[in-house]
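Note sheet for the following structure.
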Amino acid sequence: MTDTPRWFRTALEQRPSHRDVEVDGARVHYRCWGPEGEPGVVFVHGGAAHSGWWDHIAPFFTPGRSPGSGGRVVALDLTGHGDSSRRERYDLDTWAREVLATAEAGGIAGPPLVVGHSMGGWVTATVGALYGERTSGLVIVDSPLNDQPPEEARLRRRERALRVYPDHETIVDRFHTMPPQDVLLPYVRRHIAEESIVEIDGGWTWKFDPAMLAERLLLRELLPQLKSRAAFFRSEFGLVPPSMAEDIAGLLGPRVPMVELPDAGHHPMLDQPLSLVTALRMLIRQWAVDDL
């Protein structure tokens with residue numbers, strides 16, 4: 001696409017390697033950037049999404065793009081999403097084990113930083129509650145405190161099988177976020193849409209398993225159980241209003257960074273990706289200083 005900005009083209013030129021690891025009897029697909037054997041980050045997508053949502057974000061955390069603080073980066077497809085296997089049932093504990101398994105198999109040295117968006121924030125909080133000592137920190141991005149994951153809530157209302165579309169362009173044009181978002185950078189939207197679909201007999205459909213739905217612990221119940229340092233990012237026009245952010249700060253304590261992403265919707269990697277990158281870079285560098 002000739003109308004894409006340089007930063008986006010440069011990010012996608014740094015292509016990830018694609019790998020699989022078995023976790024609890026299922027194949028989990030993941031992408032890797034940067035040199036193996038370095039400290040690093042695991043990115044966890046939201047519901048009905050996939051690891052490709054981080055393709056234009058992850059390269060900013062490798063040594064070539066972040067001198068002095070870059071390392072190994074992994075983004076996984078939780079089972080039931082992307083190119084990973086499906087399961088009979090999906091629970092947060094299993095997904096949390098998938099996060100840690102891909103961090104290890106993907107070559108991250110030492111405890112990883114885990115960054116989770118939306119439903120991925122539930123997964124990240126579960127990692128922190130069950131296995132916090134095996135992480136270097138947690139970042140939860142715009143996950144609401146008192147509701148079920150927004151993507152699953154919307155799928156529950158649909159209550160139907162995934163639609164099959166007649167051709168590639170039709171399904172790409174139909175791509176939209178869950179929950180919907182007014183502003184989407186068109187070049188980011190196109191890339192993510194292309195990675196979200198699969199050709200089957202009779203046409204094209206979405207990769208995620210609509211049967212992934214389950215009742216989850218509320219984030220309010222998970223946050224007090226965290227056994228690792230954490231930060232919370234809220235989008236200005238996302239699902240966490242200022243009053244809820246105050247409640248979250250009260251649960252996490254005064255030393256936990258609460259970061260607002262200006263002018264961002266619930267999916268900041270789709271409308272304000274560079275603000276998200278900058279905030280994460282600053283947090284990583286500050287935590288590195290704290291560790292000295």
- Task: Would you check if Thr124 and Val115 make a side-chain contact, meaning some heavy-atom pair closer than 4.5 Å?
- Result: no
- Message: Contact between Ser196 and Phe175 at the side-chain level, heavy atoms closer than 4.5 Å - yes or no?
- Response: yes
- Message: Quick check: do Ser136 and Pro39 have side-chain heavy atoms less than 4.5 Å from each other?
- Response: no
- For Arg86, does the CZ atom have more than 12 heavy-atom neighbours from other residues, nucleotides or ligands under 6.0 Å away? yes
- Message: Parallel, tilted or perpendicular: which one describes the rings of Phe60 and Trp7, with boundaries at 30° and 60°?
- Response: tilted
- Near Asp182 CG, under 6.0 Å, is it more than 12 heavy atoms from other residues, nucleotides or ligands? no
- Query: Salt bridge check: are Asp209 and Arg87 linked by an N-O gap of less than 4.0 Å?
  - Reply: no
- Hey, is Glu169 close enough to Arg190 for a salt bridge, meaning N to O under 4.0 Å? yes
- Task: Flag the pair Glu104 / Pro112 as yes when at least one side-chain heavy-atom distance between them is below 4.5 Å, and no otherwise.
- Result: no
- Query: Is the backbone N or O of Gln14 less than 3.5 Å from a side-chain atom of Trp33, with the two atoms forming a donor-acceptor pair by type?
  - Reply: yes
- Message: Any donor-acceptor pair under 3.5 Å linking the side-chain atoms of Thr278 with those of Arg281?
- Response: no
- Message: Any heavy-atom pair between the side chains of Gln272 and Glu236 that's under 4.5 Å?
- Response: no
- Item | Arg255 and Asp290 ion-paired at < 4.0 Å | no
- Message: Do His50 and Asp77 pair up side chain to side chain, a donor and an acceptor below 3.5 Å, judged on atom types alone?
- Response: no
- Task: Kindly indicate whether the side chain of His29, heavy atoms from C-beta on, has any atom under 4.5 Å from the side chain of Ser85.
- Result: no
- Item | Approximate separation, where rounding is to 0.5 Å, of Leu76 CG and Glu98 CD | 6.5 Å
- Mind listing the closest non-hydrogen atom pair of Ile192 and Gly52 along with its distance? CG1-O, 4.2 Å
- Message: Angle between ring planes, His117 versus His266, binned at 30° and 60°: parallel, tilted or perpendicular?
- Response: tilted
- Note: Tyr90 and Met212 closest approach over all heavy atoms is CD1-CA, 3.2 Å
- Query: Would Trp95 and His81 count as a close aromatic pair, with their ring centres under 6.0 Å?
  - Reply: yes
- Is it the case that His168 and Glu199 place a side-chain donor and acceptor less than 3.5 Å from each other? no
